Amino acid sequence: MQLENEAKTMDYNFREIEAKWQKYWATNQTFRALNQSDKPKFYVLDMFPYPSGAGLHVGHPLGYIASDIYARYKRHKGFNVLHPMGYDSFGLPAEQYAIQTGQHPAITTEANIKRYREQLDQLGFSFDWSREVRTSDPGYYKWTQWVFIQLFNSWYNKVTDKAEPISDLISSFERSGNKQIEAACDEDILEFSASDWEQFSHKTKQEILLKYRLTYLADTEVNWCPALGTVLANDEIVNGVSERGGHPVIRKKMTQWSMRITAYAQRLLDGLDTIDWPQPLKDSQTNWIGRSEGALVEFGIHDSEYKIPVFTTRPDTIFGASFMTLAPEHELVRKITTTEQKETIDAYVEATAKRSERDRMADVKTISGAFTGAYAEHPFTKEPIPIWIGDYVLAGYGTGAVMAVPCGDQRDYDFAKHFGIPIPNIFDGVDISEEAFADKANTVIANSDFLNGLSFKEATSKVIGELEKIGQGEGKINYRLRDAVFSRQRYWGEPFPVYYVEGMPQMIADEHLPLELPEVEKYLPTETGEPPLGNATTWAWDVEKCLVVDNQKIDHKTVFPLELNTMPGWAGSSQYFNRYMDSTNAEAIYSKEAIGYWQDVDLYIGGSEHATGHLLYSRFWQKFLFDKGIAPKEEFAKKLINQGMITGTSAFVYKDMDSNRVYSKGLLEGRNIIPIHADVSLVNSSDELDVEAFKQWLPEYKEAEFVLEDGRYIVGREIEKMSKSKYNVVNPDLICEEYGADSLRLYEMFLGPLEQSKPWNTAGISGVHSFLKKLWKLYTSVDDSEASAENLKTLHKTIKKVEEDIENFSFNTSVSTFMICVNELTAQKCHSRRILEPLAILVSPYAPHIAEELWEKLGHSQSISEAVFPKFEEKHLVENSKEYPISFNGKMRFKLELPLDLAKDEIEAVVMAHEKTRAQLDGRTPKKVIVVPGKIVNIVG
RNA sequence: GCCUUGGUGGCGGAAUUGGUAGACGCGCUGGAUUCAAAAUCCAGUUCUUUCGGGAGUGUGGGUUCGAUUCCCACCCAAGGUACCA
């Protein structure tokens with residue numbers, strides 16, 4: 001290998017070239033972006049990675065390559081481009097590694113980051129590394145804590161529809177109590193006057209304010225994972241078990257920090273119309289927020305002062321309500337159940353509490369419930385309505401109670417049928433003997449007193465009016481979205497800047513941030529079940545010294561305990577895109593000038609799996625920061641692209657169950673075999689297994705007999721998600737070593753459309769690699785000769801296509817275009833600098849190393865990165881003749897070269913006179929001849 | 001179930017507003033070069049055929065002079081979601 005390279009110095013030596021330019025870019029800080037420029041700004045952002053111990057596989061860089069192409073293209077187009085990168089470096093794997101080995105997560109994280117950086121550098125990305133952020137860096141999480149404090153000190157005013165300072169709310173309370181306040185807040189707030197407020201104790205005031213703050217402490221029913229000793233968010237649970245680790249999860253009440261994201265539900269919905277994000281992603285956010293319009297109806301209970309509020313989307317069907325169902329967890333269940341029914345109800349409640357979410361989910365067919373013995377009173381007919389409980393009603397949605405209208409809702413219908421509850425029909429001319437009638441559009445109400453004859457819409461507004469009159473209801477919009485639990489019982493996360501006085505949370509003043517993570521002996525929860533920070537011995541706040549001090553000094557006078565929870569994974573990623581604008585600023589989250597200049601992200605590329613997590617929380621924080629005047633834009637990213645997943649091609653060997661033989665793929669018939677994953681690196685591109693290497697890799701097969709076909713062992717292939725456990729992971733390092741980063745970049749783009757998921761198959765990489773070699777060869781002798789018309793045509797059609805492709809994120813077709821271009825120029829024996837210079841610039845976003853080298857060879861001393869993108873000129877593509885496809889009944893039968901200035905009837909005359917036309921027609925007379933000049937001729941008949 | 005995306009050669013995929021289906025690449029076949037190999041280059045490669053053609057973009061209909069593209073119904077695959085009142 002070494003000898004060959006030396007012998008052929010003129011060859012494309014990618015190893016040397018790529019190392020050279022990576023060094024050049026680093027030394028010259030080629031991609032450093034300044035926060036001011038005469039050029040227009042453009043911000044290209046990638047989702048920053050969690051630096052895992054496994055390093056990058058070929059699936060990771062897909063989005064990074066695409067964004068890098070776009071960033072480099074925009075530099076050629078004269079933009080001041082911000083293209084930063086960093087690490088989402090808090091997270092569970094490092095913590096679990098710490099639990100196992102005792103090694104501090106910071107050390108593991110540092111080592112992983114180092115490896116990631118090497119791999120990223122190797123791929124030639126044009127990141128501005130001077131702006132790197134790490135969420136676990138105190139200099140960074142200082143500002144995560146700071147945003148948290150801002151949220152704590154804010155409430156949501158529904159009148160102005162924005163977040164406002166909590167101090168304004170306090171002034172209102174002092175002036176006139178809370179009667180006129182319309183806030184996004186807890187539901188259980190009692191009314192109080194100004195004088196009430198004045199008389200409340202300090203602690204009571206604090207308790208009331210917590211119900212208004214945008215981040216607040218509350219007892220929440222949470223998903224507790226005993227194995228991890230932590231609470232999980234809904235989106236961290238997959239199939240009822242923890243996403244990481246697969247441990248069981250149970251429901252439990254805990255005091256937790258929550259984020260009042262529900263205050264922003266409507267704005268998060270409305271904002272979707274203003275951003276250019278993929279429709280499926282918008283749809284999933286819309287569904288997640290889950291807006292539904294309806295009414296809140298209050299039902300009285302017979303012989304009781306309790307009332308049951310119910311949310312319904314069909315208030316028009318209120319006269320069809322024949323029973324009511326409460327969630328088994330509903331707080332009124334205990335209070336209203338009659339003595340006769342107590343045993344039944346208790347048994348049912350206990351049974352559902354035992355059932356995991358997973359059971360309840362898997363078992364949708366079984367209808368279950370129990371009668372409480374109590375009756376509600378219909379608001380209009382005053383008739384008694386039996387109150388049932390059933391696990392099809394969820395405690396967490398609406399009010400945890402439904403007004404059951406069996407004729408109009410299939411679940412209510414099934415429940416009524418099962419328990420023999422009457423099903424009154426309130427629809428005109430509809431048969432409900434088989435199933436419920438839920439078609440709103442065709443609803444005509446009957447048997448409903450003042451609603452008779454009305455449509456869904458008319459009846460709804462009428463009944464809401466009547467409910468308001470009698471004070472038993474109102475129109476209401478309900479959201480499925482819940483407030484986000486923000487506490488985690490973990491070590492490796494941001495500490496809350498919070499200490500407790502009389503059990504009430506107090507914020508540490510901004511100037512003492514960051515509150516740094518304390519050292520702990522063990523990273524597990526404490527023996528008393530407290531979070532890992534409970535193991536810290538120096539974790540108390542001295543309000544006089546403004547310092548973290550020894551726990552033994554806690555006296556609840558000047559030294560107080562600190563919060564033991566840490567923030568969740570999404571805390572650090574919810575504002576990182578803004579921090580890049582001014583990432584080293586120690587005085588502010590970012591300067592007004594920096595964010596005033598960069599404004600927002602112009603292009604964000606990342607995976608669709610973050611649709612309802614990171615991307616929703618980030619939009620929420622951004623809207624909050626916008627309300628506070630800290631961010632100038634209400635949406636942080638104008639355009640977003642989801643890159644598809646790269647799947648791996650797994651390889652299988654087939655073990656015979658009945659013997660110690662392993663059969664090649666073609667020999668399986670009639671045998672009882674089990675497929676075993678083989679590491680894909682042991683298989684060549686012809687699916688042939690290196691048997692000796694396999695035996696070494698899996699020693700248990702050392703003695704096995706491998707039965708070959710035609711002297712080879714052929715593996716089976718299957719497309720699966722790329723994953724370490726399936727041994728189908730392809731490491732980019734090996735490909736860089738063998739073919740170079742430029743080849744890898746081109747190949748990842750060449751695989752197919754960016755947004756679709758596609759299989760990885762290393763076999764095809766030789767194609768793009770030989771393209772680069774051909775490109776290289778084209779520059780071996782460059783001269784100053786005039787470019788021929790043919791040369792210019794090739795170049796300009798390439799410019800046009802590549803420019804269109806990049807603008808449309810269709811990177812795969814650009815690679816084909818380059819191949820065609822180089823093939824044509826090679827055939828044309830083109831040596832002209834006038835062609836080859838612009839071509840180098842065109843290629844440079846895709847294959848930057850070779851482009852820099854060729855640029856230098858062409859005699860330039862500056863980097864190609866800011867060379868002006870070639871201008872497309874239509875004149876080089878003008879043709880004066882066209883090879884017309886001549887089709888018969890829509891099928892192309894032959895082609896005919898004709899001048900483009902020929903008129904319609906002239907074309908027809910020439911075509912009809914042609915001998916092939918006569919042969920095709922075979923004596924028939926055509927019914928019709930369609931001529932589209934410049935396009936096609938179609939003869940019908 | 002619902003929402004979303006997709007279905008085109010042996011494979012990845014291309015086809016701008018309806019106008020030459022299969023660009024480009026892989027693989028395969030044959031050839032050149034070579035002592036041989038690698039590398040490189042040339043030719044061919046949707047299926048079928050009586051070599052004139054004929055059929056063909058998941059299936060079945062429809063609109064049109066003309067449909068991979070538009071409309072209707074259905075099938076399959078991937079991803080998301082989950083009893084949301």
Side-chain angles (χ1 to χ4, degrees), chain A residues 4 8 11 235 278-284 286-288 290-292 294 310-314 325 357 360-361 363-365 367 390-394 396-405 408-412 414-415 478-480 608-609 611-612 642 644-645 647 649 685-686 717 719 721 746-747 750-753 755-768 770-771 773-774 777 800-801 804 808 810 812-820 823 883-895 919-920 926-932 934-941:
Chain A
E4 265 176 41
K8 301 177 186 172
D11 273 3
D235 43 309
Q279 196 55 42
L281 196 155
K282 287 187 183 184
D283 289 344
S284 68
T286 304
N287 293 336
W288 192 262
R291 181 186 204 267
S292 49
V310 162
F311 175 74
T312 174
T313 54
R314 297 297 305 270
T325 318
E357 286 274 299
R360 274 168 82 163
M361 231 168 68
D363 186 21
V364 277
K365 290 260 153 66
I367 294 158
D391 66 3
Y392 80 97
V393 178
L394 304 178
Y397 182 76
T399 62
V402 298
M403 152 189 121
V405 181
D409 181 284
Q410 194 57 44
R411 282 159 315 179
D412 295 345
D414 295 340
F415 193 88
N478 202 48
Y479 298 93
R480 195 187 77 117
S608 58
E609 66 272 23
T612 52
N642 287 133
M645 187 174 66
T647 49
T649 314
S685 57
S686 317
R717 291 290 205 172
I719 308 263
K721 186 180 169 161
L746 280 173
Y747 188 57
F750 190 58
L751 278 178
E755 301 187 54
Q756 280 170 28
S757 81
K758 48 209 164 266
W760 178 267
N761 179 1
T762 317
I765 200 165
S766 63
V768 291
S770 48
F771 156 73
K773 284 197 242 178
K774 282 187 218 165
K777 228 185 238 169
K800 183 167 191 264
K801 178 78 175 136
E804 281 170 2
N808 294 319
S810 173
N812 53 327
T813 48
S814 295
V815 180
S816 314
T817 305
F818 288 136
M819 289 173 172
I820 295 167
N823 289 346
E883 194 178 37
Y884 278 91
I886 311 300
S887 43
F888 293 79
N889 298 320
K891 289 239 167 256
M892 198 279 290
R893 293 307 178 205
F894 66 92
K895 293 173 192 173
Q920 272 292 332
K927 289 195 193 96
K928 205 171 175 185
V929 179
I930 312 278
V931 179
V932 185
K935 282 252 159 104
I936 199 169
V937 177
N938 189 18
I939 297 160
V940 187

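Every chain is numbered from 1, with letters handed out A, B, ... down the list of sequences. Just so we're clear, the structure is a prediction, and the values are computed from it rather than from any experiment.
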For Thr325(A) and Gly390(A), work out which heavy atoms get closest and say how close. CG2-N, 3.4 Å
On the 0 to 90° scale, with breaks at 30° and 60°, tag the Phe818(A)-Phe771(A) ring pair as parallel, tilted or perpendicular. parallel
State which of C65(B), G25(B), C3(B) makes the closest approach to the side chain of Asp283(A). C3(B)
Does Arg314(A) or Ile820(A) map to a spot on RNA chain B nearer the 5' end, using the closest nucleotide for each? Ile820(A)
Expressed in angstrom and rounded to an integer, what is the separation of Phe771(A) atom CZ from C26(B) atom P? 12 Å
Which nucleotide, if any, forms a Watson-Crick or G-U wobble pair with C70(B), using both distances under 3.5 Å? G62(B)
Provide the distance between the two P atoms, one in U16(B) and one in U81(B), to the nearest whole Å. 34 Å
A82(B) P sits how many Å from Tyr397(A) OH, rounded? 14 Å
The contact string for nucleotides 45-57 of chain B, one letter per nucleotide 5' to 3', using protein heavy atoms under 4.0 Å with B, S and - for base, sugar-phosphate only and none, comes out as ---------SSB-
Which nucleotide, C83(B), G25(B), U20(B), lies nearest any side-chain atom of Tyr392(A)? C83(B)
Whole-Å distance between C83(B) P and Ile367(A) CD1? 15 Å
Please state how far atom CD in Gln756(A) lies from atom P in G6(B), giving the value in whole angstrom units. 6 Å
Would you confirm whether Tyr884(A), through its side chain, and Gly934(A), through its main-chain N or O, come within 3.5 Å as a donor-acceptor pair? yes
OP1 or OP2 of A39(B) under 4.0 Å from side-chain N/O of Lys773(A): no
Between C71(B) and U64(B), how far apart are the P atoms? Round to whole Å, please. 16 Å
When you compare C42(B) with C51(B), how far apart are their C1' atoms, in angstrom units rounded to a whole number? 26 Å
Could you work out which one of A14(B), U40(B), A82(B) sits closest to the side chain of Arg480(A)? A82(B)
Tell me which nucleotide, if any, is Watson-Crick or G-U wobble paired with A85(B) when both distances must be under 3.5 Å. none
With C1' as the reference atom in both, quote the distance from U63(B) to C70(B) in angstrom, rounded to an integer. 8 Å
Mark yes or no for a side-chain to base donor-acceptor pair under 3.5 Å between Lys928(A) and U64(B), with no hydrogen or angle criteria applied. no
5'-most by nearest nucleotide on RNA chain B - Ile939(A) or Val932(A): Val932(A)
Identity of whatever pairs with C51(B) - Watson-Crick or G-U, under 3.5 angstrom: none
Minimum-distance nucleotide to Leu751(A) side chain [options: G12(B), U40(B), G13(B)]: G12(B)
Heavy-atom closest contact (Val768(A) atom, Met819(A) atom, distance): CG1-CE, 3.6 Å
Per atom distances to the Arg411(A) side chain, the nearest of C24(B), A85(B), C84(B) is C84(B)
Taking only the side-chain heavy atoms of Glu804(A) (C-beta and beyond), determine which of U16(B), U40(B), A85(B) contains the nearest atom. U16(B)
Return no unless some side-chain N or O of Asn938(A) is found under 4.0 Å from OP1 or OP2 of U20(B). no
With both distances kept under 3.5 Å, what pairs with C28(B), Watson-Crick or G-U wobble? G44(B)
Pairing check on U57(B): which nucleotide meets the Watson-Crick or G-U wobble criteria with it, both distances under 3.5 Å? none
Is there a donor-acceptor pair closer than 3.5 Å between any side-chain N or O of Asp409(A) and the backbone N or O of Val405(A)? no
Looking for any heavy atom pair under 4.0 Å, which part of the strands does Asp412(A) touch: base, sugar-phosphate only, or nothing? nothing
If pairing means Watson-Crick or G-U wobble with both distances under 3.5 Å, then the partner of U5(B) is A77(B)
Taking the P atom in each of C11(B) and U57(B), what is the distance between them to the nearest angstrom? 16 Å
Tell me if G52(B) is syn or anti. Syn = glycosidic torsion within 90° of 0, anti otherwise. syn
Could you state the atom-to-atom distance from NZ of Lys774(A) to P of C42(B) in whole Å? 7 Å
Separation of atom CH2 in Trp288(A) from atom P in C84(B), rounded to whole Å: 15 Å
Strictly distance-based, threshold 3.5 Å: is any side-chain N or O of Ser887(A) a donor or acceptor partner for the main-chain N or O of Val937(A)? yes
Select one nucleotide: of G13(B), G19(B), A85(B), the one nearest the side-chain heavy atoms of Val402(A). A85(B)
Would you kindly give the NZ-to-C1' distance between Lys282(A) and C3(B), to the nearest whole Å? 16 Å
Considering every strand and a 4.0 Å limit on heavy-atom distances, what is the contact class for Lys935(A): base, sugar-phosphate, or nothing? base
What distance, rounded to whole Å, do you find between the two P atoms, one in G9(B) and one in G53(B)? 25 Å
With C1' as the reference atom in both, quote the distance from U46(B) to A15(B) in angstrom, rounded to an integer. 16 Å
Do the side chain of Lys758(A) and the main chain of Pro753(A) share a donor and acceptor less than 3.5 angstrom apart? yes
Taking atom P in both G66(B) and G56(B), what distance in whole Å separates the two? 14 Å
When you measure from the side chain of Thr313(A), which nucleotide among C24(B), A85(B), C65(B) comes out closest? A85(B)
Identify, with sequence neighbours excluded, every residue that meets side-chain contact (heavy atoms from CB on, under 4.5 Å) alongside Lys895(A). Glu883(A), Met892(A)
For G13(B), does the O4'-C1'-N9-C4 (purine) or O4'-C1'-N1-C2 (pyrimidine) torsion place it in syn, i.e. within 90° of 0, or in anti? anti
Mind calculating the distance between CZ (Phe750(A)) and P (C24(B)) to the nearest angstrom? 10 Å
Side chain of Ile936(A), heavy atoms from C-beta onward: which of U20(B), C24(B), C65(B) has the nearest atom to it? U20(B)
Return the minimal non-hydrogen interatomic distance between Tyr397(A) and Ser292(A), and the atom names on each side. OH-OG, 3.0 Å
Between Phe894(A) and Phe888(A), how do the two ring planes meet: parallel, tilted or perpendicular, split at 30° and 60°? tilted
Can you check whether Tyr392(A) reaches Asp412(A) side chain to side chain, under 4.5 Å on heavy atoms? yes
